[in-house]
Amino acid sequence: MPKPTQPVSLFALYKLCFVVGLFSFGGGLTAWFHREIVNVRGWMTDDEFFSGYALSQILPGVNSTNMAVYIGQHLRGAIGSTAALLGLLTGPFVIVLAAAAAFHHLVALPGFAAIMGGVAAAAVGMMFRLGITSARGGFRRISSLIVLVATFIAIGIMQWPLLPVLVVLAPLSIAAAWPRKSLPTPSSPKAPGDA
Amino acid sequence: MRDDPLIQLIIVIAPLSLLAIGGASAIYAPLQQQTVDVYQWVSGREYLELFAIARVTPGPGSMLTTLIGWKVAGLLGALVATLALYIPCSVLCFGVARTWNRYRGTKWHTAIENGLRPIGAGLMIAGGVMILRIEGSGWLGWAVAFATVAVMTWRPAAHPMALLAVGAAVFLAVRAIAG
(Lines give C-alpha, C1' and ligand atoms only; values in the text may rest on other atoms or scores of the structure.)
Protein backbone atom coordinates (compact mmCIF):
# COMPACT_ATOMS: atom_id res chain seq x y z
CA MET A 1 0.00 0.00 0.00
CA PRO A 2 1.70 3.24 -1.09
CA LYS A 3 1.98 6.04 1.40
CA PRO A 4 -0.03 9.06 0.39
CA THR A 5 2.24 11.84 -0.78
CA GLN A 6 -0.13 14.58 0.34
CA PRO A 7 -0.66 14.85 4.09
CA VAL A 8 -4.09 13.61 5.12
CA SER A 9 -6.45 16.56 5.52
CA LEU A 10 -7.61 17.28 9.07
CA PHE A 11 -11.18 17.51 7.90
CA ALA A 12 -11.00 14.06 6.27
CA LEU A 13 -9.58 12.66 9.51
CA TYR A 14 -12.23 14.38 11.64
CA LYS A 15 -14.99 13.22 9.32
CA LEU A 16 -13.88 9.59 9.33
CA CYS A 17 -13.63 9.52 13.14
CA PHE A 18 -16.98 11.29 13.42
CA VAL A 19 -18.75 8.68 11.29
CA VAL A 20 -17.06 5.73 12.99
CA GLY A 21 -17.79 7.24 16.43
CA LEU A 22 -21.44 7.74 15.55
CA PHE A 23 -21.89 4.03 14.83
CA SER A 24 -19.67 2.53 17.51
CA PHE A 25 -22.26 0.70 19.60
CA GLY A 26 -20.62 -1.56 22.14
CA GLY A 27 -17.20 -0.27 21.18
CA GLY A 28 -16.51 -2.74 18.38
CA LEU A 29 -15.76 -0.65 15.34
CA THR A 30 -12.00 -1.08 15.12
CA ALA A 31 -12.61 -3.19 12.03
CA TRP A 32 -14.28 -0.25 10.32
CA PHE A 33 -11.30 1.96 11.16
CA HIS A 34 -9.00 -0.70 9.71
CA ARG A 35 -11.00 -0.98 6.49
CA GLU A 36 -11.07 2.77 5.88
CA ILE A 37 -7.53 3.56 6.98
CA VAL A 38 -5.57 0.56 5.70
CA ASN A 39 -7.59 -0.93 2.83
CA VAL A 40 -9.54 1.97 1.34
CA ARG A 41 -7.29 4.99 1.93
CA GLY A 42 -3.85 3.45 2.47
CA TRP A 43 -3.06 5.89 5.29
CA MET A 44 -1.33 3.14 7.32
CA THR A 45 0.14 -0.31 6.77
CA ASP A 46 -1.23 -3.40 8.51
CA ASP A 47 1.79 -3.51 10.81
CA GLU A 48 1.36 0.12 11.82
CA PHE A 49 -2.34 -0.36 12.48
CA PHE A 50 -2.07 -3.52 14.56
CA SER A 51 0.90 -2.39 16.63
CA GLY A 52 -1.01 0.84 17.30
CA TYR A 53 -4.03 -1.21 18.32
CA ALA A 54 -1.89 -3.20 20.75
CA LEU A 55 -0.44 0.05 22.18
CA SER A 56 -3.89 1.57 22.58
CA GLN A 57 -4.99 -1.49 24.54
CA ILE A 58 -1.88 -1.65 26.70
CA LEU A 59 -1.82 2.04 27.68
CA PRO A 60 -4.19 3.16 30.43
CA GLY A 61 -7.30 5.01 29.40
CA VAL A 62 -10.09 4.42 26.96
CA ASN A 63 -9.05 2.02 24.21
CA SER A 64 -11.09 3.52 21.38
CA THR A 65 -9.95 7.10 22.01
CA ASN A 66 -6.36 5.92 22.46
CA MET A 67 -6.58 4.32 19.00
CA ALA A 68 -7.93 7.56 17.53
CA VAL A 69 -5.09 9.51 19.16
CA TYR A 70 -2.55 7.03 17.76
CA ILE A 71 -4.00 7.26 14.25
CA GLY A 72 -4.13 11.06 14.41
CA GLN A 73 -0.57 11.28 15.69
CA HIS A 74 0.68 8.99 12.96
CA LEU A 75 -0.98 10.98 10.21
CA ARG A 76 -0.72 14.61 11.38
CA GLY A 77 0.96 14.85 14.78
CA ALA A 78 -0.61 16.75 17.69
CA ILE A 79 -3.24 18.53 15.63
CA GLY A 80 -4.14 15.21 13.99
CA SER A 81 -4.62 13.54 17.38
CA THR A 82 -6.85 16.40 18.47
CA ALA A 83 -8.94 16.21 15.30
CA ALA A 84 -9.32 12.42 15.58
CA LEU A 85 -10.24 12.54 19.27
CA LEU A 86 -12.80 15.33 18.80
CA GLY A 87 -14.21 13.56 15.75
CA LEU A 88 -14.70 10.34 17.65
CA LEU A 89 -16.38 12.02 20.64
CA THR A 90 -18.59 14.70 19.03
CA GLY A 91 -21.42 12.42 17.91
CA PRO A 92 -21.57 10.25 21.06
CA PHE A 93 -21.40 13.36 23.28
CA VAL A 94 -24.50 14.89 21.70
CA ILE A 95 -26.37 11.59 21.49
CA VAL A 96 -25.69 10.43 25.04
CA LEU A 97 -27.03 13.74 26.42
CA ALA A 98 -30.08 13.60 24.18
CA ALA A 99 -30.69 10.00 25.22
CA ALA A 100 -30.39 10.87 28.91
CA ALA A 101 -32.87 13.71 28.46
CA ALA A 102 -35.30 11.40 26.67
CA PHE A 103 -34.46 8.24 28.66
CA HIS A 104 -37.92 7.33 29.84
CA HIS A 105 -39.42 7.66 26.36
CA LEU A 106 -36.51 5.85 24.76
CA VAL A 107 -36.62 2.58 26.72
CA ALA A 108 -40.34 2.34 26.02
CA LEU A 109 -39.64 2.47 22.28
CA PRO A 110 -40.30 -0.95 20.76
CA GLY A 111 -37.26 -2.47 19.06
CA PHE A 112 -34.77 0.00 20.53
CA ALA A 113 -32.79 -2.60 22.48
CA ALA A 114 -32.93 -5.04 19.55
CA ILE A 115 -31.41 -2.52 17.14
CA MET A 116 -28.59 -1.73 19.57
CA GLY A 117 -27.91 -5.44 20.12
CA GLY A 118 -27.91 -6.22 16.41
CA VAL A 119 -25.53 -3.41 15.55
CA ALA A 120 -23.14 -4.49 18.32
CA ALA A 121 -23.22 -8.14 17.21
CA ALA A 122 -22.50 -7.25 13.57
CA ALA A 123 -19.62 -5.01 14.70
CA VAL A 124 -18.19 -7.93 16.68
CA GLY A 125 -18.39 -10.07 13.54
CA MET A 126 -16.34 -7.43 11.73
CA MET A 127 -13.72 -7.58 14.49
CA PHE A 128 -13.58 -11.40 14.25
CA ARG A 129 -13.12 -11.21 10.49
CA LEU A 130 -10.27 -8.73 10.85
CA GLY A 131 -8.57 -10.90 13.47
CA ILE A 132 -8.86 -13.94 11.19
CA THR A 133 -7.51 -12.02 8.18
CA SER A 134 -4.46 -10.91 10.06
CA ALA A 135 -3.86 -14.42 11.43
CA ARG A 136 -4.10 -16.05 8.01
CA GLY A 137 -2.57 -13.70 5.47
CA GLY A 138 -0.43 -11.20 7.31
CA PHE A 139 1.74 -13.30 9.52
CA ARG A 140 5.19 -14.31 8.47
CA ARG A 141 6.05 -16.59 11.38
CA ILE A 142 4.45 -19.50 13.16
CA SER A 143 5.37 -17.82 16.46
CA SER A 144 3.00 -14.97 15.60
CA LEU A 145 0.11 -17.38 15.26
CA ILE A 146 0.98 -18.99 18.60
CA VAL A 147 1.07 -15.57 20.30
CA LEU A 148 -2.26 -14.60 18.74
CA VAL A 149 -3.98 -17.77 19.97
CA ALA A 150 -2.35 -17.54 23.41
CA THR A 151 -3.48 -13.90 23.77
CA PHE A 152 -7.01 -14.78 22.74
CA ILE A 153 -7.27 -17.74 25.13
CA ALA A 154 -5.78 -15.85 28.09
CA ILE A 155 -7.98 -12.74 27.72
CA GLY A 156 -11.05 -13.95 25.83
CA ILE A 157 -11.60 -17.41 27.35
CA MET A 158 -9.76 -17.49 30.68
CA GLN A 159 -10.51 -13.79 31.30
CA TRP A 160 -7.18 -13.28 33.02
CA PRO A 161 -6.23 -9.65 33.76
CA LEU A 162 -4.53 -7.89 30.86
CA LEU A 163 -1.40 -6.65 32.59
CA PRO A 164 0.20 -9.96 33.74
CA VAL A 165 -0.72 -11.60 30.44
CA LEU A 166 1.09 -8.87 28.54
CA VAL A 167 4.10 -8.92 30.87
CA VAL A 168 4.60 -12.57 29.93
CA LEU A 169 3.57 -12.60 26.27
CA ALA A 170 4.94 -9.30 24.94
CA PRO A 171 8.67 -9.97 25.64
CA LEU A 172 8.39 -13.51 24.24
CA SER A 173 6.64 -12.28 21.12
CA ILE A 174 9.13 -9.45 20.57
CA ALA A 175 12.09 -11.80 21.09
CA ALA A 176 10.62 -14.21 18.55
CA ALA A 177 10.21 -11.35 16.07
CA TRP A 178 13.76 -10.04 16.52
CA PRO A 179 15.44 -9.95 13.11
CA ARG A 180 18.13 -12.62 12.72
CA LYS A 181 21.43 -11.75 11.14
CA SER A 182 21.62 -14.79 8.87
CA LEU A 183 18.16 -14.28 7.40
CA PRO A 184 17.02 -11.50 5.10
CA THR A 185 14.70 -9.09 6.95
CA PRO A 186 11.25 -10.60 6.66
CA SER A 187 9.56 -7.22 6.82
CA SER A 188 10.53 -6.31 3.27
CA PRO A 189 7.33 -4.29 2.61
CA LYS A 190 8.92 -1.52 4.65
CA ALA A 191 10.99 0.33 2.11
CA PRO A 192 14.11 2.13 3.33
CA GLY A 193 13.36 5.72 4.17
CA ASP A 194 9.80 4.85 5.12
CA ALA A 195 10.08 7.10 8.13
CA MET B 1 -12.51 26.80 45.14
CA ARG B 2 -12.77 23.16 46.15
CA ASP B 3 -16.50 23.71 46.49
CA ASP B 4 -16.88 24.54 42.82
CA PRO B 5 -18.66 21.52 41.31
CA LEU B 6 -16.63 21.80 38.08
CA ILE B 7 -13.36 21.58 40.02
CA GLN B 8 -14.75 18.65 42.00
CA LEU B 9 -15.65 16.87 38.76
CA ILE B 10 -12.08 17.25 37.54
CA ILE B 11 -10.65 16.07 40.88
CA VAL B 12 -12.80 12.93 40.79
CA ILE B 13 -12.60 12.05 37.10
CA ALA B 14 -9.15 13.03 35.82
CA PRO B 15 -7.22 10.48 37.94
CA LEU B 16 -9.55 7.71 36.72
CA SER B 17 -8.38 8.44 33.18
CA LEU B 18 -4.93 7.09 33.98
CA LEU B 19 -6.20 4.33 36.29
CA ALA B 20 -8.22 2.69 33.54
CA ILE B 21 -5.75 -0.06 32.80
CA GLY B 22 -7.08 -2.72 30.48
CA GLY B 23 -10.01 -0.62 29.35
CA ALA B 24 -12.62 1.72 30.72
CA SER B 25 -14.48 -0.99 32.65
CA ALA B 26 -11.83 -0.53 35.35
CA ILE B 27 -13.24 2.91 36.25
CA TYR B 28 -16.86 2.00 36.98
CA ALA B 29 -16.37 0.79 40.54
CA PRO B 30 -14.27 3.77 41.78
CA LEU B 31 -16.51 6.18 39.85
CA GLN B 32 -19.59 4.79 41.54
CA GLN B 33 -17.97 5.07 44.96
CA GLN B 34 -17.02 8.73 44.41
CA THR B 35 -20.22 9.92 42.72
CA VAL B 36 -22.77 7.99 44.80
CA ASP B 37 -21.18 7.59 48.26
CA VAL B 38 -18.63 10.39 48.64
CA TYR B 39 -20.08 13.35 46.67
CA GLN B 40 -23.67 12.07 46.46
CA TRP B 41 -24.17 13.61 43.03
CA VAL B 42 -26.51 10.80 41.98
CA SER B 43 -28.35 8.00 43.78
CA GLY B 44 -27.36 4.38 43.26
CA ARG B 45 -30.40 3.81 41.04
CA GLU B 46 -29.63 6.90 38.95
CA TYR B 47 -26.06 5.70 38.53
CA LEU B 48 -27.25 2.39 37.06
CA GLU B 49 -29.69 4.24 34.81
CA LEU B 50 -26.93 6.51 33.47
CA PHE B 51 -24.68 3.47 33.03
CA ALA B 52 -27.35 1.79 30.91
CA ILE B 53 -27.84 4.91 28.78
CA ALA B 54 -24.11 5.19 28.11
CA ARG B 55 -24.03 1.53 27.11
CA VAL B 56 -26.85 1.62 24.58
CA THR B 57 -25.79 4.86 22.90
CA PRO B 58 -22.87 4.99 20.46
CA GLY B 59 -19.40 5.79 21.68
CA PRO B 60 -17.34 4.52 24.61
CA GLY B 61 -19.33 3.26 27.61
CA SER B 62 -17.19 5.64 29.63
CA MET B 63 -19.40 8.47 28.33
CA LEU B 64 -21.09 7.69 31.64
CA THR B 65 -18.85 10.39 33.09
CA THR B 66 -20.38 12.85 30.59
CA LEU B 67 -23.80 12.10 32.04
CA ILE B 68 -22.58 12.49 35.61
CA GLY B 69 -21.11 15.88 34.68
CA TRP B 70 -24.47 16.80 33.16
CA LYS B 71 -26.30 15.85 36.38
CA VAL B 72 -23.86 17.89 38.45
CA ALA B 73 -23.56 21.08 36.42
CA GLY B 74 -25.57 20.89 33.21
CA LEU B 75 -24.04 21.21 29.77
CA LEU B 76 -20.85 22.83 31.04
CA GLY B 77 -20.50 20.02 33.58
CA ALA B 78 -20.92 17.45 30.82
CA LEU B 79 -18.18 19.11 28.79
CA VAL B 80 -15.79 19.40 31.74
CA ALA B 81 -16.39 15.79 32.82
CA THR B 82 -15.81 14.51 29.28
CA LEU B 83 -12.56 16.42 28.84
CA ALA B 84 -11.39 15.40 32.34
CA LEU B 85 -11.76 11.75 31.41
CA TYR B 86 -10.34 11.79 27.89
CA ILE B 87 -7.55 14.36 28.01
CA PRO B 88 -5.09 12.78 30.50
CA CYS B 89 -4.99 9.35 28.83
CA SER B 90 -4.95 10.95 25.37
CA VAL B 91 -1.92 13.07 26.26
CA LEU B 92 -0.11 9.98 27.55
CA CYS B 93 -1.05 7.99 24.45
CA PHE B 94 0.05 10.86 22.22
CA GLY B 95 3.46 10.98 23.89
CA VAL B 96 3.97 7.25 23.54
CA ALA B 97 2.75 7.24 19.92
CA ARG B 98 5.07 10.10 18.98
CA THR B 99 8.10 8.45 20.56
CA TRP B 100 7.07 5.20 18.91
CA ASN B 101 6.75 6.64 15.42
CA ARG B 102 9.99 8.60 15.74
CA TYR B 103 12.04 5.41 15.91
CA ARG B 104 10.30 3.76 12.95
CA GLY B 105 12.79 1.90 10.77
CA THR B 106 15.23 0.89 13.51
CA LYS B 107 15.76 -2.80 14.08
CA TRP B 108 14.28 -2.91 17.57
CA HIS B 109 11.26 -0.90 16.46
CA THR B 110 10.55 -3.42 13.72
CA ALA B 111 10.92 -6.27 16.21
CA ILE B 112 8.57 -4.69 18.74
CA GLU B 113 6.04 -3.83 16.05
CA ASN B 114 6.10 -7.36 14.64
CA GLY B 115 5.92 -8.73 18.18
CA LEU B 116 2.97 -6.55 19.20
CA ARG B 117 1.00 -7.17 16.05
CA PRO B 118 -0.25 -10.71 16.90
CA ILE B 119 -1.02 -9.52 20.43
CA GLY B 120 -3.17 -6.75 18.97
CA ALA B 121 -4.97 -9.25 16.74
CA GLY B 122 -5.53 -11.65 19.65
CA LEU B 123 -6.87 -8.82 21.83
CA MET B 124 -9.21 -7.83 19.01
CA ILE B 125 -10.84 -11.27 18.83
CA ALA B 126 -10.93 -11.49 22.63
CA GLY B 127 -12.52 -8.03 22.73
CA GLY B 128 -15.27 -9.21 20.39
CA VAL B 129 -16.00 -12.18 22.65
CA MET B 130 -16.18 -9.89 25.68
CA ILE B 131 -18.59 -7.50 23.96
CA LEU B 132 -20.91 -10.38 23.08
CA ARG B 133 -20.75 -11.57 26.68
CA ILE B 134 -21.56 -8.11 28.12
CA GLU B 135 -24.34 -7.41 25.61
CA GLY B 136 -26.05 -10.57 26.82
CA SER B 137 -27.80 -11.26 23.52
CA GLY B 138 -27.11 -14.99 23.81
CA TRP B 139 -27.08 -17.25 20.75
CA LEU B 140 -28.53 -14.53 18.52
CA GLY B 141 -25.51 -12.29 19.10
CA TRP B 142 -23.10 -15.11 18.23
CA ALA B 143 -25.16 -16.08 15.17
CA VAL B 144 -25.19 -12.52 13.81
CA ALA B 145 -21.46 -12.12 14.52
CA PHE B 146 -20.54 -15.31 12.67
CA ALA B 147 -22.94 -14.56 9.82
CA THR B 148 -21.18 -11.20 9.47
CA VAL B 149 -17.84 -13.04 9.26
CA ALA B 150 -19.29 -15.24 6.50
CA VAL B 151 -20.71 -12.30 4.55
CA MET B 152 -17.41 -10.42 4.75
CA THR B 153 -15.55 -13.49 3.47
CA TRP B 154 -17.96 -13.82 0.59
CA ARG B 155 -18.22 -10.07 -0.13
CA PRO B 156 -15.09 -8.35 1.19
CA ALA B 157 -16.23 -5.00 -0.22
CA ALA B 158 -19.48 -4.95 1.76
CA HIS B 159 -19.86 -1.57 3.47
CA PRO B 160 -19.73 -1.59 7.29
CA MET B 161 -22.91 0.48 7.46
CA ALA B 162 -24.78 -2.18 5.44
CA LEU B 163 -23.47 -4.94 7.71
CA LEU B 164 -24.59 -3.07 10.82
CA ALA B 165 -28.02 -2.42 9.31
CA VAL B 166 -28.49 -6.10 8.45
CA GLY B 167 -27.45 -7.07 12.00
CA ALA B 168 -30.03 -4.67 13.44
CA ALA B 169 -32.72 -5.95 11.05
CA VAL B 170 -32.06 -9.58 11.98
CA PHE B 171 -32.28 -8.77 15.70
CA LEU B 172 -35.52 -6.85 15.17
CA ALA B 173 -37.05 -9.67 13.13
CA VAL B 174 -36.06 -12.44 15.55
CA ARG B 175 -37.18 -10.47 18.61
CA ALA B 176 -40.50 -9.67 16.90
CA ILE B 177 -41.14 -13.34 16.10
CA ALA B 178 -39.89 -14.70 19.42
CA GLY B 179 -41.77 -11.97 21.30
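These figures come from a predicted structure and were not determined experimentally. The figures that follow rest on heavy atoms only: side chains count, while hydrogens, waters and symmetry mates do not. In what follows, chains carry the letters A, B, and so on, assigned in the order in which the sequence lines appear, proteins first and then strands, with residues in each chain numbered from 1.
- Both the backbone and the side chain of B:Phe94 come within less than 4.5 Å of a heavy atom of chain A.
- Interface check for chain A: of the options B:Val91, B:Leu116, B:Ile119, the most heavy-atom pairs under 4.5 Å are formed by B:Ile119.
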*Could you go through the side-chain contact (heavy atoms from CB on, under 4.5 Å) check for B:Trp100 and A:His74 one step at a time?*
CA-CA 10 Å; B:Trp100 178 244; A:His74 184 86; over 6 Å; no
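- In this structure, chain A has a heavy atom under 4.5 Å from the backbone of B:Ala158, while its side chain stays farther away.
- In this structure, A:Arg35 contributes its side chain and B:Ala157 its backbone to a donor-acceptor pair below 3.5 Å.
- Annotation: maximal heavy-atom pairing with chain B below 4.5 Å, among A:Ala100, A:Ala170, A:Gly111, occurs at A:Ala100.
- Neither the backbone nor the side chain of A:Leu88 comes within contact range of chain B; no heavy atom of the residue lies under 4.5 Å from a heavy atom of that chain.
- Other residues sharing a hydrophobic cluster with A:Leu10 under the 4.5 Å side-chain heavy-atom criterion for ILVMFWY residues are A:Ile79.
- Note: the hydrophobic cluster containing B:Val170 also contains B:Trp139 (ILVMFWY, side chain heavy atoms under 4.5 Å, direct or indirect links).
- Looking at B:Arg102, there are no atoms closer than 4.5 Å to chain A (heavy atoms on both sides), in backbone or side chain.
- Taken together through direct or relayed side-chain contacts under 4.5 Å among Ile, Leu, Val, Met, Phe, Trp and Tyr, A:Leu145 and A:Leu172 form parts of separate hydrophobic clusters.
- Summarising the geometry of A:Phe128 relative to B:Ala145, their closest heavy-atom pair is CE1-CB, 4.2 Å, with the distance given to 0.1 Å.
- Both the backbone and the side chain of A:Ala99 have a heavy atom closer than 4.5 Å to some heavy atom of chain B.
- One finds the OG1 atom of A:Thr30 at 10.5 Å from the CG atom of B:Leu123 (value rounded to the nearest 0.5 Å).
- In this structure, the portions of A:Ile115 lying under 4.5 Å from any heavy atom of chain B include both its backbone and its side chain.
- One distance of note links CG of A:Leu97 with CG of B:Leu75; it measures 6.5 Å at 0.5 Å rounding.
- Considering all non-hydrogen atoms of both residues, B:Asn114 and A:Ala177 come closest at CB-CB, 3.7 Å.
- Under the 4.5 Å side-chain heavy-atom criterion for ILVMFWY residues, no single connected hydrophobic cluster contains both A:Phe11 and A:Leu22.
- Cluster annotation: A:Val168 is not connected to A:Ile146 through the hydrophobic network of ILVMFWY side chains, with a link wherever side-chain heavy atoms come within less than 4.5 Å.
- When heavy atoms are compared at a cutoff of 4.5 Å, B:Val96 approaches chain A solely by way of its side chain, counted from C-beta outward.
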*Can you list the steps and then say if B:Met124 with A:Phe50 is a side-chain contact (heavy atoms from CB on, under 4.5 Å)?*
CA-CA 9 Å; B:Met124 193 172 292; A:Phe50 278 99; 3.8 Å; yes
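- In the hydrophobic clustering of ILVMFWY residues, with side-chain heavy atoms under 4.5 Å counting as a link, B:Val36 and B:Val38 come out together.
- Using a 4.5 Å cut-off between heavy atoms, B:Ser17 touches chain A through its backbone atoms (N, CA, C, O) alone.
- Of the two parts of A:Ala150, neither the backbone nor the side chain holds a non-hydrogen atom closer than 4.5 Å to a non-hydrogen atom of chain B.
- By the side-chain contact (heavy atoms from CB on, under 4.5 Å) test, A:Ser56 pairs with A:Tyr53, A:Asn66, A:Met67, sequence neighbours left out.
- With a 4.5 Å cut-off on non-hydrogen atoms, B:Trp142 touches chain A through its side chain but not through its backbone.
- With respect to chain A, the highest number of heavy-atom pairs below 4.5 Å among B:Leu163, B:Val166, B:Ile112 belongs to B:Ile112.
- Across all their heavy atoms, B:Val144 and A:Ala122 have their closest contact at CG1-N, 3.8 Å.
- Atom CZ of A:Arg76 has more than 12 neighbouring heavy atoms from other residues, nucleotides or ligands inside a 6.0 Å radius.
- Other residues, nucleotides and ligands contribute over 12 non-hydrogen atoms within 6.0 Å of the CH2 atom of B:Trp108.
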*Show your working on side-chain contact (heavy atoms from CB on, under 4.5 Å) between A:Leu148 and B:Ile125 and close with a plain yes or no.*
CA-CA 9 Å; A:Leu148 186 154; B:Ile125 300 177; 4.2 Å; yes
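- Listed options A:Val96, A:Thr65, A:Ile155, A:Leu55 were ranked by heavy-atom pairs under 4.5 angstrom with chain B; first place goes to A:Val96.
- Between the CD atom in B:Glu113 and the OG1 atom in A:Thr45 there is a gap of 6.0 Å [rounded to 0.5 Å].
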*asked:* For a side-chain contact (heavy atoms from CB on, under 4.5 Å) check, start with the C-alpha distance between B:Leu164 and A:Met126, then their side-chain angles and the critical distance, and finish with the verdict.
replied: CA-CA 9 Å; B:Leu164 300 180; A:Met126 289 162 60; 4.1 Å; yes
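- To the nearest 0.5 Å, atoms CE (A:Met127) and OG1 (B:Thr148) are separated by 13.0 Å.
- In this structure, A:Ile95 CD1 and B:Met63 CE are separated by 9.0 Å, a value rounded to the nearest 0.5 Å.
- The minimum heavy-atom distance linking A:Tyr70 with B:Cys93 is given by the pair N-SG, 4.4 Å.
- Heavy-atom minimum distance, A:Asp46 versus B:Arg117: CB-NH1, 3.7 Å.
- Chain B forms more heavy-atom pairs under 4.5 Å with one residue of A:Ile153, A:Ile157, A:Leu89, A:Val20 than with any other, namely A:Leu89.
- Contact count versus chain A (heavy atoms, under 4.5 Å) is highest, among B:Thr82, B:Ile53, B:Val129, for B:Ile53.
- For B:Leu16, no part lies under 4.5 angstrom from a heavy atom of chain A.
- Shortest non-hydrogen contact noted between A:Gly61 and B:Cys89 is CA-CB, 3.5 Å.
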